[in-house]
Amino acid sequence: MHLKYLFRAGLAAAALLLYMYRNANKIHKKRHIIKLETRHGFRPFRLLFVADIHRKKLPENFITNPLDAVVIGGDFTERGVPMKRTADNLRILTEAAPVFFIWGNNDEEVGERNLRKLLGHFQVTILDNESVELFNNPHLKLVGVDFFSDREEKLKKAFSKVERDDTVLFASHTPAVFKYLQSAEGPGFMMAGHTHGGQIRIGRIGLYKKGSLRKFGRRYQLVTNGYGTTSLPLRLGAEAQYHILEFIPLEGNGFQRVAKNT
């Protein structure tokens with residue numbers, strides 16, 4: 001009888017592991033429409049946000065819709081990942097749109113110099129605690145911070161060229177930074193990864209909160225579950241995902257206006 005129960009328990013455990021493995025390899029594309037308040041207006045645009053790819057290989061047909069920009073939210077690679085796989089992933093992304101990159105905690109494991117060289121080869125913009133104008137619009141900015149710098153100094157540097165009335169998108173590998181940007185003049189949209197949504201959850205119980213898009217007043221926060229996995233190639237209760245974000249300008253009085261970018 002004991003052997004019978006052990007056999008059944010073994011089958012159940014194997015079935016659960018297979019289910020979790022399949023979950024880790026079933027990637028969900030999440031679409032969001034973001035109505036972003038603006039004082040100067042901007043042309044509507046579509047952005048792809050992906051984080052925590054780790055060891056995954058992007059499929060050749062990964063991008064099926066026109067894009068205006070791609071943001072890689074850190075942990076694009078990790079120790080032991082062949083550089084060719086990373087290069088193939090970059091090729092797929094950069095063929096679709098201009099790509100912006102922020103450092104995650106695992107990216108330096110392949111050698112910062114090597115990864116910087118590869119990113120430069122594909123003309124990826126690395127956001128080393130700085131801001132960039134998007135689509136030649138001086139009042140539409142993407143701000144990014146790396147994972148390794150001192151918190152206060154990196155945020156001060158990153159926002160040094162941001163004006164009070166700019167429309168700002170902010171990217172960080174970890175959402176732990178969000179709490180330092182909660183002022184009324186903070187970014188209209190913030191995005192991060194790192195947590196994997198807990199990766200393996202039992203109901204509501206997980207190492208981290210499940211990823212989500214949340215709105216607080218006029219501002220948005222997106223924390224993604226991420227694309228890949230770390231430590232174990234398994235997921236439960238926190239689907240693998242990436243995001244297509246459609247940004248639409250919304251003035252404070254509710255009137256939408258498109259600003260022609262020069």
Side-chain angles (χ1 to χ4, degrees), residues 36-40 47 49-54 69-79 86 90 98-120 122-135 137-196 207-209 211 214 216-224 226 230 243 245:
L36 205 58
E37 285 204 358
T38 176
R39 297 182 182 180
H40 294 277
L47 181 150
F49 177 59
V50 60
D52 303 292
I53 290 178
H54 289 286
V70 174
V71 174
I72 300 173
D75 281 4
F76 188 59
T77 185
E78 64 178 34
R79 182 181 291 108
T86 305
L90 283 173
V99 175
F100 302 89
F101 172 86
I102 56 173
W103 293 95
N105 54 298
N106 291 119
D107 290 311
E108 284 196 341
E109 293 175 357
V110 300
E112 180 181 347
R113 182 177 179 181
N114 294 332
L115 186 52
R116 282 186 182 274
K117 184 177 180 180
L118 185 62
L119 292 166
F122 284 94
Q123 299 182 317
V124 173
T125 299
I126 304 173
L127 295 177
D128 281 321
N129 307 321
E130 59 189 306
S131 64
V132 294
E133 294 180 5
L134 291 177
F135 320 123
N137 184 337
H139 294 289
L140 177 64
K141 292 189 172 75
L142 172 64
V143 179
V145 297
D146 69 52
F147 190 85
F148 308 100
S149 302
D150 177 76
R151 182 191 310 124
E152 292 183 4
E153 287 300 317
K154 71 181 180 183
L155 288 174
K156 182 178 179 181
K157 180 182 176 183
F159 283 87
S160 62
K161 296 182 180 180
V162 174
E163 302 295 333
R164 184 171 182 176
D165 60 350
D166 287 343
T167 302
V168 178
L169 281 64
F170 174 78
S172 167
H173 180 56
T174 171
V177 180
F178 288 177
K179 61 185 177 183
Y180 301 101
L181 299 169
Q182 299 292 351
S183 69
E185 293 77 30
F189 185 88
M190 296 188 282
M191 52 191 141
H194 182 57
T195 66
H196 296 210
L207 185 61
Y208 295 99
K209 292 181 180 180
R214 304 174 68 187
F216 300 88
R218 301 173 179 177
R219 306 186 185 283
Y220 296 85
Q221 292 183 4
L222 171 63
V223 180
T224 180
T230 188
H243 306 264
L245 303 157

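Exactly one of Thr224, Asn105, Asp52 qualifies for a side chain to side chain donor-acceptor pair (under 3.5 Å) with His194. That residue is Asn105.
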Original post:
Under the side chain to side chain contact (heavy atoms under 4.5 Å, CB included) criterion, do Leu90 and Ile72 qualify, and how do the steps go?
Top reply: CA-CA 10 Å; Leu90 283 173; Ile72 300 173; 4.2 Å; yes
**OP:** May I have the step-by-step check of side chain to side chain contact (heavy atoms under 4.5 Å, CB included) for Thr86 and Val110, ending in yes or no?
**Re:** CA-CA 10 Å; Thr86 305; Val110 300; 6.0 Å; no
Subject >> Test log, rule side chain to side chain contact (heavy atoms under 4.5 Å, CB included), inputs Val223 and Lys209 >> reply: CA-CA 9 Å; Val223 180; Lys209 292 181 180 180; over 6 Å; no
Original post:
Please walk me through it: do Leu169 and Leu47 pass side chain to side chain contact (heavy atoms under 4.5 Å, CB included)?
Top reply: CA-CA 11 Å; Leu169 281 64; Leu47 181 150; 4.1 Å; yes
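The two residues Gly193 and Pro175 have their closest heavy-atom pair at O-CD, 3.3 Å. Of all heavy-atom pairs spanning Phe49 and Ala51, the tightest one is CZ-CB, 4.2 Å. The two residues His173 and Ala192 have their closest heavy-atom pair at O-CB, 3.9 Å.
Using bins of under 30°, 30° to 60° and over 60° for the plane-to-plane angle, the ring pair Phe189/Tyr220 lands in the tilted bin. The aromatic rings of Phe170 and Phe159 lie parallel to each other, their planes meeting at an angle below 30°, with 60° marking the opposite boundary.
Counting only distance, with no hydrogens or angles, the side chain of Arg218 and the backbone of Glu37 share no donor-acceptor pair below 3.5 Å. Panel note: side chain Asn129, backbone Val145; no donor-acceptor pair is recorded below 3.5 Å. Between the Lys161 side chain and the Ser131 main chain, no donor and acceptor come within less than 3.5 Å of each other. Of the possible polar contacts, one joining the Asp107 side chain to the Asp75 backbone as a donor-acceptor pair under 3.5 Å is found.
Residues passing the salt bridge (Lys or Arg N to Asp or Glu O under 4.0 Å) test with Glu112, sequence neighbours excluded: Arg116. The side-chain hydrogen bond (donor to acceptor under 3.5 Å, both in side chains) test applied to Glu133 returns no partner, not counting sequence neighbours. In this structure Arg79 satisfies the salt bridge (Lys or Arg N to Asp or Glu O under 4.0 Å) test together with Glu109, sequence neighbours excluded.
Defined by atom type and a distance below 3.5 Å, a donor-acceptor pair is missing between the side-chain atoms of His196 and Thr230.
Considering CE of Met190 and CZ of Arg214, their distance stands at 11.0 Å, rounded to 0.5 Å.
Of the charged side-chain nitrogens involved, at least one lies within less than 4.0 Å of a carboxylate oxygen, so that Asp166 and Lys141 count as a salt-bridged pair.
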